[in-house]
Structures are given as structure tokens and as C-alpha cells.
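For reference, the structure discussed in these notes is given below.
Atoms within each ligand, like the ligands themselves, are counted from 1 in listed order. The structure displayed is predicted, hence computed values, not measured ones. As a basis for the values below, the full set of heavy atoms in this structure was taken, side chains included, without hydrogen atoms, waters or symmetry mates.
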Amino acid sequence: MNNILKVIIVAGARPNFMKVAPLIQAIKKHNKELKSSNVKINYLLVHTGQHYDIGMSEVFFQELDLPRPDINLEVGSASHAVQTANIMIQFEKVCLDEKPDWVLVVGDVNSTMTCTLVAAKLGIRVGHVEAGLRSFDRTMPEEINRLVTDVLADLLFTPSEDADENLLREGISLDKIKRVGNIMIDTLISNLDKARENKSHEKIGVKAKHYAYVTLHRPNNVDNRLSLSRILECLCRLSRALPVVFPVHPRTRERLEIYQLWDKAHTTSGLMLTDPLGYHDSIGLVDKAKFVLTDSGGLQEETTFLNIPCLTLRPNTERPITISQGTNKLTSLDTLEQDLNNLLNGYRPNGRIPELWDGKTGERIVQHLVQ
Ligand code: UD1
């Protein structure tokens, strides 16, 4: 007779879907190879509905072969307080009905922090995947989400040594910290062939290694007219020398429209705006880009793994390993033009793939859970 461990896995926003996919794969594999003395894991996938557009959510379920969520809280967009409150009210009911042994949360979005808070108050154990990352910048909502999640979680699954050090400095006990590697890279490794077969750059009409790939959606960059228009000017100038492929996040699109910058962006030849892309298209385009400009967390890691030069338009990063070991560099509005020119002129950083970015992170997490 097996023991049963009941686990709720939470996903809410776009970057979460790539992180829960390997967990579910690893649980399925564990259950399939079960020996009679082992613990079987019964999981439920809860989607908070923080992201709800087809292009921000559904497409990832299809591409990553994710099961339909067992429960969708359908909270949608709102202010941080309203969104947090709505998730709390609904997720508490789910926990009371389902009585899980563990709640597993991933990343640093509002859904991550909120479900952790609910579970911790009900005395349900929480595992946080991608724990310990710190930008030390509390103007970022994600930093607040990371701090709250990590102080409450019972198991902290970290991607790298710097994350362990951050947690220890904050007084988290060593026995809670499990360095398991980078979960995003599990998904990247298992989908890379498919992404390459897609040849998305050919469909868009750009030549391999002869375009820049750009994604920008952080409030600090896009929720301010002056910075968004300066970024756009830079991109327009860049696009005269090199085609720029820029899938536009809904927040960024809304801001471009409000600030009346959309028409300029849309009519600049060489600046190729698209709707948000699915996972395979996005990875395929990163893989064949000359370089990437982004403010996303995930892209800093994906470019490091794929050895593609990356400029991150932020004053800091919670992923310093992508700079110390990978191909990432921070830039600002004042240095952007120069940094882009250096890359245009052929500058390439030396990078290597960090330890434990090996595609086996999901399996290591499952081993810790059943122990
Ligand atoms: C959220 C995460 C961020 C992550 C990003 C990836 C938080 C605090 N932020 O930011 O860490 O990098 O997701 O996308 O959790 N919208 C849609 N359709 C959707 C989702 C959003 O149109 O499916 C629009 C809405 O106008 C919404 C805005 O985008 O108000 C912002 O969405 P929100 O989830 O609040 O934050 P993101 O900027 O996406």
C-alpha cells in the first residue's frame, strides 16, 4: 500500500506556466515508477486566472502539454490589493475543500505570494520553486512577493548559490533550503528541438543572426511616458541598422496607445511588432537572434543557456548569475544606445551554463517532496 501525498500546484501568470510544466512531468514520472514502499503524489493544478488571454495563458497549456487546470479562480486583472484579495478569498476555499499536504508555488508573481500566505495561515506546508532570488529593489512588486513567499515557505527550492546565500542572510534555516537548479531550463531543454523546428524567424521574414529580439513590460520601463518614448526612439534608430522583432505585452501595448506612441511604433519599417508569442516561437526567436534586449527575468536565463548576448534594461537583477557566468549585461536609458552599438558591431560576451541548469530540476524537487 502506498502513502499518498496530496499537492496543490499553483500557476497564475505567463512565466509560471513554464515552471509548473516540469513539476507535473516529474510527478507523473515518479508515480509511474512507483515501488510499493514509495509515496504516491496526487496533484491538483490551480490556475488563479491572473493571466487569462489566449496568448498569455492558453497557448502555453497547449504547447507545454499541460493538463487543463483542475480549478480556475478566474480572478483577472485588477490593482495589486484587489487581485491579491480576490485570490486569497477563493484560494482559501480551495484549500479548505481539498486539504492538501503541500502547496507548491513557483516564481514571484502576485499569485505566488498570495497562495503562500493563504496556505501558511491554514497550516499547510508550502514549497517555493525559484526561492532566494533578490533584486534588493522593493519598488518592484516581484521583490515584495519573493520576500513574503520565502519567509513563509517550508521548503525553499533554489536555482543557484547566490539564492542560498540570500536566504541564509535573512535567517532562513539551512535545512529548509534545497538547491535544485533552474526549473525554467528543464522546460527549455525539453522544448528546444520543437522551437528550432518551428523556424519562427523565417515565418516573420528575418534572417538568422540578423535581427534583435526585444521584450519589455516592467512598470518601471513602460508605465512612464518619458522612458517609454526614449526606449522607442532607441529601437527606431536600431531598426535602421538591424530588424527588430518585438512581441508586445498587453501592458506595454496599452501604454503605447495611451501615450500615443503606438502609431509611430507600428509604422516604423524594420520595427516588427507582434502580439505576445507562444513559448516555441519565443524560444526559437531568441535562439536565432543576434542579441536580445529585455526586462524579463526568464529571458535573462534563457539567453544565458542559449549563449545569446542579452541586454537587460533594468538597474538591477535578481538573477546575478546570468551576468557573472552568463551572457547578460544590465543597461539603462543612458547607456542603451552605446550598448546596442557595441552589440551591432559584433561584441559578444563570454558565457557558460551555470551548474544544475541541466533539465533535472523537476525530478530533484519531487525527490525532496517525497522525502
Ligand atoms: C505579471 C507579473 C510579472 C511577470 C509578468 C509576465 C506580478 C506582480 N507581475 O506582470 O512578474 O513578469 O506578469 O507577463 O505578478 N493583461 C491582459 N491580459 C492578460 C494579462 C494581463 O490584457 O492575460 C493586461 C491587463 O491590462 C493588466 C496588465 O496586462 O492590467 C498587467 O497584467 P498583470 O498581471 O497585472 O501584470 P504583468 O505586467 O503581466
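Here R230 pairs with D334 in a salt bridge; the nearest charged N to carboxylate O distance falls below 4.0 Å. In summary, R134 and D150 engage in a salt bridge, as defined by a charged side-chain N under 4.0 Å from a carboxylate O. Using a cutoff of 4.0 Å between basic side-chain nitrogens and carboxylate oxygens, R253 and E257 are scored as salt-bridged.
Remark: H47 pairs with F17, F61 by the ring pair (Phe, Tyr, Trp, His ring centres under 6.0 Å) rule, at least two apart or across chains.
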Please table the atom pairs, donor to acceptor, closer than 3.5 Å between any side-chain atom in residues 19-31 and protein atoms at least two apart or in another chain.
residue : atom : partner : partner atom : Å
K19     : NZ   : E130    : OE1          : 3.4
K19     : NZ   : E130    : OE2          : 2.9
K29     : NZ   : E363    : OE2          : 3.3
H30     : NE2  : V39     : O            : 2.6
N31     : OD1  : I41     : N            : 3.0
N31     : ND2  : I41     : O            : 2.7

Pair up each side-chain donor or acceptor in residues 260-274 with any protein partner under 3.5 Å, not counting sequence neighbours, and list the distances.
residue : atom : partner : partner atom : Å
T267    : OG1  : D263    : O            : 2.7
T267    : OG1  : K264    : O            : 3.4
T268    : OG1  : K264    : O            : 2.7

Distance dump, ligand 1 polar atoms to protein, N/O, under 3.5 Å:
residue  : atom   : partner : partner atom : Å
ligand 1 : 9 (N)  : E142    : OE2          : 3.4
ligand 1 : 11 (O) : E142    : OE2          : 2.5
ligand 1 : 12 (O) : H217    : NE2          : 2.9
ligand 1 : 13 (O) : H51     : NE2          : 3.4
ligand 1 : 14 (O) : H249    : NE2          : 3.0
ligand 1 : 15 (O) : Q50     : NE2          : 2.8
ligand 1 : 15 (O) : N110    : N            : 2.8
ligand 1 : 18 (N) : Y52     : OH           : 3.4
ligand 1 : 18 (N) : D53     : OD2          : 3.0
ligand 1 : 23 (O) : Y52     : N            : 2.9
ligand 1 : 23 (O) : D53     : N            : 3.0
ligand 1 : 34 (O) : Q50     : NE2          : 3.4
ligand 1 : 34 (O) : H51     : NE2          : 3.0
ligand 1 : 38 (O) : R251    : NE           : 2.8
ligand 1 : 38 (O) : R251    : NH2          : 3.3
ligand 1 : 39 (O) : H51     : NE2          : 2.8
ligand 1 : 39 (O) : H249    : NE2          : 3.0

